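All of these numbers come straight from a predicted model, not from anything done at the bench. Every number for a ligand or one of its atoms is a count from 1 in the order of the listing.
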Amino acid sequence: MIPKDVLQIADDIKSMRIRGATLIAKYAVLAMKIAAEKYTGSDRDFKRYLSNVATTLLHTRPTAVSLPNAIYYVINRVINSSDEEARAIAKNASEEFMRMIDESHEKIIEFGSKLIRDEDIIFTHCHSTAVVDVISRAFSQGKRIEVINTETRPLFQGRIVLRELANKGIKVTHIPDSAIRVFIKNATMAIVGADTITSDGYLVNKVGTSHVALAAWEAGIPFYSVAEFIKFSPVSLQGGEVEIEFRSPKEILDVYPKELVESLLQKKTNFLNPAFDFTPPDQITAFITNLGIIPPQLSVLIIKEMFGFTSGKLQLKIFEEPFT
Ligand code: RUB
């Protein structure tokens with residue numbers, strides 16, 4: 001039986017009470033750790049049990065690669081251990097991965113804040129802990145900066161950015177998503193987060209990110225994505241495709257008058273709610289990673305350095321069939 005608090009974390013990720021690729025990864029390994037600690041069965045059955053936990057977590061949200069990367073890190077170590085040591089290894093690997101996330105997060109803040117100059121006006125979209133932390137660090141270094149951020153429909157993650165940065169004393173101009181092209185001209189750089197980066201340098205991030213990149217390119221300002229190694233996809237190196245999550249149309253319709261929704265639903269209408277989009281590498285100035293600032297075409301180097309060339313193949317194999 002999967003412990004209640006592990007199921008609660010899975011549910012929180014699915015319903016987006018826990019959201020953002022970094023937090024999703026952190027909570028996924030925390031769930032694996034709790035699962036290992038609370039296990040009461042025999043050593044012989046532990047690997048199958050952990051495989052069930054991994055499958056439950058993997059089925060929460062499909063797009064951010066940080067989730068399978070985190071789970072793979074733990075599972076891969078467990079598979080290569082004896083039945084007797086598997087439980088302790090699951091717990092240690094989870095703790096180790098959490099530390100790796102924290103260390104790489106600190107590195108991207110260091111690199112990212114160096115890129116921001118005094119008097120920069122930074123354009124951002126959606127809520128990324130990495131972006132907020134980079135901007136906050138630059139501000140605390142005494143740089144006089146401003147931020148322009150989108151609401152990020154339909155779930156308004158931009159309000160979190162607005163609140164977090166405004167509370168620190170940073171001047172924020174909050175705009176509707178449809179005004180991206182109007183205001184990007186006032187910015188000196190754009191910085192967004194990342195959910196998945198493919199081996200050939202495509203960025204998958206909150207839907208609308210590709211509009212920001214295109215508008216930044218048109219306006220001639222640099223477009224950066226801040227991404228720890230967990231955002232890079234080893235599976236993409238093996239030809240694995242990124243699945244774009246389509247969420248419930250209810251998220252769009254929630255702000256519509258109820259009567260209007262009811263009458264529209266009886267007509268020939270269609271409501272689609274993709275959560276992410278693809279930004280091509282030629283519109284990305286660089287990825288700010290824990291290993292340094294790299295052009296998108298070198299994404300494969302991060303995959304090789306942090307996961308190894310063959311890990312994508314192993315991930316596919318592990319996640320396709322339960323292991324024992
Ligand atoms: C969040 C989103 C963020 C990335 C990076 O989407 O697209 O830009 O996840 O965030 P959602 P972080 O709200 O649908 O999860 O830097 O926190 O990992």
* Test ring pair (Phe, Tyr, Trp, His ring centres under 6.0 Å) applied to F123 - qualifying residues, sequence neighbours left out -> none
* Taking distance alone, with no angle check, do A21 and ligand 1 share an N/O pair under 3.5 Å? -> yes
* To do: Give yes if a backbone or side-chain nitrogen or oxygen of G20 is under 3.5 Å from a nitrogen or oxygen of ligand 1, and no if not.
  => yes
* Calculate, to the nearest 0.5 Å, the distance between atoms CG and CD belonging to L264 and Q266 respectively. => 9.5 Å
* **Sub-4.0 Å heavy-atom contact, E245 with ligand 1** => no
* Closest approach of any protein heavy atom to atom 5 (C) of ligand 1, naming residue and atom -> A194 O, 3.4 Å
* Knowing that exactly one of R61, K4, R17 qualifies, which makes a salt bridge (charged side-chain N to carboxylate O under 4.0 Å, His left out) with D11? -> R17
* Asked: Looking only at atom types and distance, does a side-chain atom of D177 sit under 3.5 Å from a main-chain N or O of T152, one as donor and one as acceptor?
  -> yes
* Asked: Can you hop from V161 to L23 via hydrophobic side chains spaced under 4.5 Å?
  -> no
* Asked: Between S66 and K26, is any pair of side-chain heavy atoms under 4.5 Å apart?
  -> no
* Counting only N and O atoms by type, is there a donor-acceptor contact under 3.5 Å from the side chain of T285 to the main-chain atoms of Y224? -> no
* Asked: Does any N/O atom on C126 come nearer than 3.5 Å to any N/O atom on ligand 1?
  -> no
* Asked: What is the minimum heavy-atom distance between S94 and V74, and which atoms define it?
  -> OG-CG2, 3.8 Å
* Structure fact -> min-distance protein heavy atom vs atom 8 (O) of ligand 1 -> N205 OD1, 2.7 Å
* Structure fact -> Of D133, T152, D195, T124, the one whose closest heavy atom lies nearest atom 4 (C) of ligand 1 is D195
* Proximal ligand 1 atoms for K231, defined as those under 4.0 Å from one of its heavy atoms -> 12 (P), 16 (O), 18 (O)
* Subset of ligand 1 atoms that lie under 4.0 Å from at least one heavy atom of T129 -> 12 (P), 16 (O), 17 (O)
* To do: Work out whether the distance between some heavy atom of A64 and some atom of ligand 1 is less than 4.0 Å.
  => no
* To do: Measure the shortest side-chain to side-chain distance between K107 and E103 over non-hydrogen atoms and say whether it is less than 4.5 angstrom.
  => no
* To do: Just need the protein heavy atom nearest to atom 18 (O) of ligand 1, so name the residue and atom and give the distance.
  => T22 OG1, 2.5 Å
* Can you find a side-chain donor-acceptor pair between R159 and H174 that sits under 3.5 Å? -> no
* To do: Quick one: look up the protein heavy atom nearest atom 15 (O) of ligand 1 and list residue, atom name and how far away it is.
  => R61 NH1, 2.8 Å
* To do: Starting from atom 6 (O) of ligand 1, locate the nearest protein heavy atom and write down its residue, its atom name and how far away it is, to 0.1 Å.
  => K206 CE, 3.4 Å
* Would you tell me whether D277 and S210 have side-chain atoms, one donor and one acceptor, within less than 3.5 Å of each other? => yes
* Quick one: which ligand 1 atoms are inside 4.0 Å of a heavy atom on F276? -> 6 (O), 7 (O), 14 (O)
* For Q157, the ligand 1 atoms whose distance to one of its heavy atoms is below 4.0 Å -> 11 (P), 13 (O), 14 (O)
* **Per-atom contacts, ligand 1 versus M16 - under 4.0 Å to a heavy atom** => 11 (P), 13 (O), 14 (O)
* Asked: What protein heavy atom is closest to atom 13 (O) of ligand 1, reported as residue, atom name and distance in Å?
  -> R19 NE, 2.5 Å
* Structure fact -> Applying side-chain contact (heavy atoms from CB on, under 4.5 Å) to Y49 and not counting sequence neighbours gives P3, A35, Y39, F46, V53
* Using a strict cut-off of 4.0 Å, indicate which atoms of ligand 1 neighbour a heavy atom of S128. => 5 (C), 8 (O), 10 (O), 12 (P), 16 (O), 17 (O)
* To do: Number the atoms of ligand 1 from 1 as they appear, then name those within less than 4.0 Å of a heavy atom of A130, with their elements.
  => 16 (O)
